[in-house]
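Structure first, commentary second.
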Amino acid sequence: MHKVLIANRGEIACRVIRACKELGLPSVAVYSDADAQSRHVWLADEAVRVGPAASAESYLSGPRILQAAKDTGATLIHPGYGFLSENASFREQCDAAGVTFVGPGSYAMRQMGIKTLARDTMKAAGVPVVPGSEGPLRDFAEAQRVCLEIGYPVMLKAAAGGGGRGIRLVQAEHELEAAFDGARREAAAWFSDPTVYIEKAIIRPRHIEIQVLADGHGNTVHLFDRECSVQRRNQKIIEESPAPGLSNQTRLAMGEVAVQAARAVQYVGAGTIEFLVDPDERFYFMEMNTRLQVEHPVTELVTGVDLVVEQLRIAMGQPMSVSQATLSQRGHAIECRVYAEDPSRGFLPSPGPLRVYRPPIGPGLRVDDGVVEGDVVSNHYDAMIAKLSAWAPDRPACIGRIRAALNTFEIGGIQHNIEHLLQVVGSERFIAGRYDTGIVGTLPPLHSEPEEDEFAEALAVLLHDRQRRQTVLTQPAADESTWARAARQAGLRTR
Amino acid sequence: MHKVLIANRGEIACRVIRACKELGLPSVAVYSDADAQSRHVWLADEAVRVGPAASAESYLSGPRILQAAKDTGATLIHPGYGFLSENASFREQCDAAGVTFVGPGSYAMRQMGIKTLARDTMKAAGVPVVPGSEGPLRDFAEAQRVCLEIGYPVMLKAAAGGGGRGIRLVQAEHELEAAFDGARREAAAWFSDPTVYIEKAIIRPRHIEIQVLADGHGNTVHLFDRECSVQRRNQKIIEESPAPGLSNQTRLAMGEVAVQAARAVQYVGAGTIEFLVDPDERFYFMEMNTRLQVEHPVTELVTGVDLVVEQLRIAMGQPMSVSQATLSQRGHAIECRVYAEDPSRGFLPSPGPLRVYRPPIGPGLRVDDGVVEGDVVSNHYDAMIAKLSAWAPDRPACIGRIRAALNTFEIGGIQHNIEHLLQVVGSERFIAGRYDTGIVGTLPPLHSEPEEDEFAEALAVLLHDRQRRQTVLTQPAADESTWARAARQAGLRTR
Amino acid sequence: MPTEYLLEHGTHHKSVTVLEDHGDRAVLQVGDRRLEVTLRTLPDGRIAVSQDDQRRLYRTFRAGEETVVVRGWTQHAFKLTDARERWLHGTGGRHGDSSGRVTASMPGRVVRLSVAVGDIVAPGAVVAVLEAMKMENDVRSVGGGRVTAVVVQEGVAVESGALLVQLEPIGVE
Amino acid sequence: MPTEYLLEHGTHHKSVTVLEDHGDRAVLQVGDRRLEVTLRTLPDGRIAVSQDDQRRLYRTFRAGEETVVVRGWTQHAFKLTDARERWLHGTGGRHGDSSGRVTASMPGRVVRLSVAVGDIVAPGAVVAVLEAMKMENDVRSVGGGRVTAVVVQEGVAVESGALLVQLEPIGVE
């Protein structure tokens with residue numbers, strides 16, 4: 001009999017625990033001190049403390065997670081996303097400890113984890129990558145030659161770079177020399193390494209990804225596409241499936257290429273190939289995420305496949321329960337990520353107590369969350385509070401549904417991005433289904449203050465006045481009151 | 001611009017209001033005095049009181065509902081199920097008042113509402129009905145002749161009967177004469193009318209129904225089957241789609257017959273044809289419900305069609321958005337009806353305050369309800385609190401999902417049937433998918449008392465003791481406490 | 001000076017004493033067993049009770065004289081009395097319905113009375129029909145006897161527990 | 001003797017007086033408008049406020065000095081003070097950050113300090129970087145000036161509102 005340890009927290013831990021319950025598999029939660037009373041802890045059958053609030057000493061600590069698995073007799077470890085999910089060494093430690101890691105082998109994780117290696121591997125496997133120089137540029141002459149080959153515009157990038165630094169966009173040949181010298185100087189200054197390389201600049205790209213699933217019996221399938229172009233500072237905020245306006249021909253071609261990519265690294269489990277897609281629907285491999293994605297619900301909603309259940313089945317050595325021939329997309333799904341951040345102050349993170357929290361319910365809605373009202377959104381971890389997803393028979397109905405749902409989301413105590421989400425899904429471009437990764441930048445800034453609300457003002461004054469006067473205006477029923485008082489004094493709540 | 005008045009309460013009113021919000025249609029709730037603070041009242045854009053708690057003077061009062069529509073400028077009235085939903089006169093009053101009733105015309109309602117008329121109409125339209133006498137039996141000789149024709153066993157039924165009275169099962173010819181005399185005597189005694197008729201007795205029948213949808217543009221489609229055999233005292237408690245084990249051939253034949261039946265009465269809107277199905281999959285028309293069914297979610301989950309949205313579209317004169325060729329069933333759905341009733345006391349209704357109420361959430365789950373924690377389940381209306389539905393890629397996964405969901409349903413204050421629902425979905429017959437309308441009767445009675453629980457005992461004693469001692473053991477944070485006290489004294493709650 | 005309580009749960013009876021109570025940790029004597037538990041209130045109002053590896057979540061409320069403890073969909077209603085007081089007043093733990101009182105099992109409307117004063121009623125016989133939530137429900141007498149009083153009329157609304165019919169025993173029992 | 005309050009909502013200020021309060025009904029004077037509302041607490045804890053045809057649902061809580069009122073996903077934080085007390089103490093309604101204090105806009109860890117004592121800082125310049133929830137966030141000074149004190153060190157955790165850097169004005173403003 002298997003037992004599953006979930007090496008994660010928050011909504012994804014809850015998601016995996018629910019799948020375990022449905023399969024009849026016992027589940028073990030792990031938690032840091034910051035999460036001792038979190039929802040995933042109480043949802044699981046067992047829970048083990050793995051360290052202090054800091055991730056490095058808890059959720060990111062391979063040895064502690066493995067010890068927890070050993071102590072509870074867990075046979076499977078589901079890493080969720082983030083934390084240890086793409087850590088090839090941890091996967092190897094699991095193997096050595098005789099615990100099954102729910103995910104691909106360390107070979108696939110390494111091949112895809114190192115971005116230049118992934119690019120080379122994909123190129124060799126016939127997967128289209130963004131055209132560019134073969135590794136670092138030796139000199140300006142080579143830069144010129146490569147640019148002639150791939151055509152302008154191009155991006156000059158620092159080989160050792162990251163975080164958007166040391167990058168220059170070059171629109172035409174006459175700009176190249178100055179940009180080349182500048183980029184090298186900048187790279188040297190920032191990263192102590194002047195090496196640069198060239199990639200073709202994709203203008204107004206869309207970010208579309210393909211979900212794949214592979215089992216240990218030689219089956220590899222794709223589960224179609226997800227449109228993830230609604231991003232702010234490279235952070236996805238809204239995803240949908242199918243990608244609006246994408247031709248079916250491109251969709252299937254991307255699916256086939258994704259399967260090819262997965263096979264090239266002997267992939268097993270659920271994974272995602274991310275592509276850049278240009279306005280002419282040419283697509284280029286960007287990277288592969290060798291784990292479950294945050295946005296997996298939209299794929300589940302349109303394909304009807306339970307990706308977590310398939311992951312667990314595959315990890316237990318069973319064949320996947322689907323085949324390419326039977327897979328199809330039905331209707332449309334949109335996911336909105338609700339973050340604890342303040343749109344009126346540049347989307348600053350807004351940790352704090354979630355004093356009001358009631359996500360919407362209704363037909364076709366799905367909420368993935370890991371909090372309850374009264375929880376504190378910790379500043380130690382990701383600022384995502386919940387994922388609100390809607391499914392409907394078609395895209396216009398789906399937009400109607402997600403807008404109605406967002407509008408009835410009750411939340412307070414922290415700042416959040418719901419108004420921003422409403423702004424995006426209500427925007428002309430989004431509704432038309434014609435947008436790229438620039439969509440968020442085209443929207444006007446939100447008003448920093450909510451409209452005046454006379455009733456709210458009256459309520460605030462009344463409550464303040466009543467508190468101040470300490471006058472008993474309405475007596476609660478005697479029995480209830482005595483009981484409530486006793487329970488409150490005992491530090492317990494009765495309702 | 002249209003505006004929709006929902007002439008109903010509880011979960012179905014909430015369901016319809018949500019659909020209106022998604023379509024951008026303003027909604028008007030109506031309420032009786034018992035429901036002044038109910039969930040549907042606050043979910044709708046406007047709300048109108050229509051009378052006292054008694055249904056006859058509120059939800060069943062056509063004139064008051066029409067007045068509310070007039071007062072608010074509503075152009076459509078959605079009747080939900082029950083109450084005025086199958087009232088042909090009300091439909092005609094709506095027509096006269098120039099308000100669109102969301103449902104079929106009064107001709108279809110009348111043809112199907114009078115059961116003997118429905119039987120004749122269906123027979124004429126080539127729809128199979130349970131074989132039996134053509135109307136009332138004139139004498140014993142005719143009874144003998146009919147029985148020879150249709151074969152034993154047969155049911156003798158009082159023409160004026162109802163409520164299960166005046167019915168006799170006759171297994172073989174030698175029992176007929178005594179039964180015939182007895183049934184006539186009983187019919188005369190109970191209903192002051194000795195007239196009886198004969199129908200073939202369907203032994204171990206299944207109750208399977210077909211959802212149909214017809215628009216005003218000549219399109220009529222069926223949306224496949226629902227298995228509704230899990231009943232207690234003729235009250236459905238669990239429904240699923242597709243019907244387990246039903247051959248696809250029978251399913252489609254039933255669908256075609258259902259379309260035929262709907263066309264025969266010029267049906268427009270959503271409706272359901274109920275069939276009795278015998279162990280050899282012969283099926284017989286039982287009745288047509290000319291409205292939305294309680295169990296419509298299972299059809300929505302497997303077909304992906306939003307029946308309420310289609311109803312509203314059709315009522316506004318638009319063509320339906322689906323066609324028979326594109327309709328299909330995907331995966332499996334099960335709905336469980338949660339009732340306020342006490343299984344340990346013969347399923348007595350158990351109205352009262354819903355002190356604890358937190359329905360389960362998670363992927364593939366849908367909850368249709370009209371209550372919140374703290375609401376009082378009124379004894380004036382139906383005892384159904386909520387419908388919990390699960391969708392999954394296949395039936396075993398769906399059973400796993402609904403069981404896990406039922407197990408995590410938090411509910412208290414009233415008695416309820418969740419243990420009974422768990423008993424059914426965990427029973428051998430249900431899991432095997434081989435059951436008929438007798439399934440509930442085959443289950444052993446539930447234990448009348450829950451197991452002992454030491455922790456619960458300890459908690460009860462501790463709380464009682466603390467209350468008794470009135471000792472402050474843990475001081476809440478000063479600020480919170482002052483505020484909470486003031487708000488409580490003001491009759492308001494702060495969290 | 002810990003108090004000994006008598007805890008009634010349906011037909012079960014137990015003696016329970018709170019030996020120590022530190023708010024988040026408590027020690028109780030349940031019959032002849034010593035029980036040490038830790039308690040914690042979660043943000044959603046549930047109370048977590050744990051001991052060693054075992055942990056469970058509860059919610060509680062007060063309903064009349066009873067303390068109700070809910071875990072998921074199971075519900076325990078406990079009646080608690082001070083053990084000393086009970087001995088003083090001598091009420092004991094005896095319950096049941098040998099009183100001859102036939103009472104309403106739920107709030108509702110009396111739609112039918114099946115007995116009249118003087119009638120002899122068998123144990124388990126239907127004496128009235130109550131309507132609640134659109135359904136009719138039989139009210140049966142627990143014991144048998146002769147009807148000495150019919151307290152309600154058809155059509156009236158009654159509360160749960162209201163006396164409907166009074167019986168007196170017949171013969172020697 | 002109704003009390004007049006000063007209600008601050010962001011940059012808005014209003015004078016509000018509770019004229020009558022009957023629990024479920026109240027009359028207020030808001031500026032020069034008279035407002036009569038009815039109030040009701042729903043079973044789920046929301047407070048329904050209505051007037052004529054208008055009706056809205058709110059939830060409220062107290063956060064420090066502020067009374068917060070939440071409606072759906074919108075949130076209003078009100079600061080309320082007794083108007084008379086304000087006049088007596090003469091604090092007025094003036095706010096803003098001409099104080100030269102650069103404070104943490106959220107709880108987090110100081111990952112980088114960009115200024116040292118003696119530096120001259122332009123209005124809106126980044127003076128520090130705070131990390132919270134895996135993201136780095138710039139802390140900018142509202143006004144400009146010369147740094148007179150750097151109160152925190154890199155690596156330390158700070159609460160929201162904590163003083164990070166103190167500036168003094170330069171030249172005539």
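Sequence lines set the chain letters: A, B, ... in the order given, protein chains first and strands last, and positions in each chain run from 1.
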(request) Could you look at C:Glu66 and say if it's the side chain, the backbone, both or neither that has a heavy atom under 4.5 Å from chain B? (result) neither

(message) Only pairs of heavy atoms separated by less than 4.5 Å count here; which of B:Pro353, B:Ser55, B:Ala458 has the most with chain C?
(response) B:Ala458

(request) State whether the number of non-hydrogen atoms from other residues, nucleotides or ligands found under 6.0 Å of C:Glu65 atom CD is greater than 12. (result) no

(message) At a heavy-atom distance under 4.5 Å, which candidate from C:Thr17, C:Val16, C:Val68 has the highest pair count against chain B?
(response) C:Val16

(message) If the threshold is 4.0 Å, N to carboxylate O, is there a salt bridge linking B:Glu373 and C:Arg59?
(response) yes

(request) Under 4.5 Å heavy-atom distance to chain B, tell me which part of C:Arg33 shows up: side chain, backbone, both or neither. (result) side chain

(request) Answer yes or no: are there more than 12 heavy-atom neighbours, outside C:Gln153 itself, under 6.0 Å from its atom CD? (result) no

(message) Looking only at heavy atoms and a cut-off of under 4.5 Å, which of B:Asn407, B:Ile418, B:Asp453 has the most pairs with chain C?
(response) B:Asp453

(request) Mark yes or no for whether B:His464, through its side chain, and C:Thr67, through its backbone, hold a donor-acceptor pair below 3.5 Å. (result) no

(message) For chain C, which candidate among B:Thr408, B:Leu406, B:Val461 shows the most heavy-atom pairs at distances under 4.5 Å?
(response) B:Val461

(request) Counting only heavy atoms closer than 4.5 Å, note whether B:Gln415 contacts chain C via side chain, backbone, both or neither. (result) side chain

(message) Let me confirm one number: the CG-CD1 distance from B:Leu463 to C:Ile47, rounded to the nearest 0.5 Å.
(response) 5.5 Å

(message) With a 4.5 angstrom heavy-atom cut-off, is it the side chain or the backbone of B:Leu422 that approaches chain C, or both, or neither?
(response) side chain

(message) Contact between C:Arg46 and B:Arg358 at the side-chain level, heavy atoms closer than 4.5 Å - yes or no?
(response) yes

(request) Examine whether an atom of C:Ser50 lies under 4.5 Å from a heavy atom of chain B, and if so say whether it belongs to the side chain, the backbone or both; otherwise answer neither. (result) backbone

(message) Nearest 0.5 Å, please: how far is CD in B:Glu410 from CG in C:Asp44?
(response) 7.0 Å

(request) With a 4.5 angstrom heavy-atom cut-off, could you sort out which part of B:Tyr339 is near chain C: side chain, backbone, both or neither? (result) neither

(message) Which atoms of B:Asp342 are under 4.5 Å from chain C, going by heavy atoms: the side chain, the backbone, both sets, or neither?
(response) neither

(message) Would you say CD of C:Glu159 has more than 12 non-hydrogen atoms from neighbouring residues, nucleotides or ligands within 6.0 angstrom?
(response) no

(message) Within this structure, what is the CG-CD distance for the pair C:Leu35 and B:Glu454, rounded to the nearest 0.5 Å?
(response) 5.0 Å

(message) For C:His76, give me all partners under ring-ring contact (aromatic ring centres under 6.0 Å, His included), at least two apart in sequence or on another chain.
(response) C:His9, C:Phe78

(message) Counting only non-hydrogen atoms closer than 4.5 Å, does C:Leu80 touch chain B with its backbone (N, CA, C, O), its side chain (CB onward), both, or neither?
(response) both

(request) Spell out, as yes or no, whether a donor-acceptor pair under 3.5 Å connects the side chain of B:Arg466 to the backbone of C:Gly23. (result) yes

(request) Mind listing the closest non-hydrogen atom pair of B:Gly412 and C:Val70 along with its distance? (result) CA-CG2, 4.0 Å

(request) Let me know if C:Val30 has heavy atoms under 4.5 Å from chain B in its side chain, its backbone, both or neither. (result) side chain

(message) Can you list everything that forms a ring-ring contact (aromatic ring centres under 6.0 Å, His included) with B:Tyr31? Sequence neighbours excluded, please.
(response) none

(request) For residues B:Phe455 and C:Val69, determine if any side-chain heavy atom of one lies less than 4.5 Å from a side-chain heavy atom of the other. (result) no

(request) With rounding to the nearest 0.5 Å, note down the distance linking OH in C:Tyr58 to CG in B:Leu459. (result) 7.5 Å

(request) Could you tell me the separation between the CG atom of B:Asp465 and the OG1 atom of C:Thr3, rounded to the nearest 0.5 Å? (result) 5.5 Å

(request) Can you measure from CD1 (B:Ile414) to CD (C:Gln75) and round to the nearest 0.5 angstrom? (result) 8.0 Å

(request) Please check if the side chain of B:Arg355 supplies one atom and the backbone of C:Arg62 the other of a donor-acceptor pair under 3.5 Å. (result) yes

(request) Sort B:Leu421 into side chain, backbone, both or neither according to what part of it lies under 4.5 angstrom from a heavy atom of chain C. (result) neither

(message) Counting neighbours of CZ on C:Arg146 that are heavy atoms of other residues, nucleotides or ligands and sit closer than 6.0 Å, is the number greater than 12?
(response) no

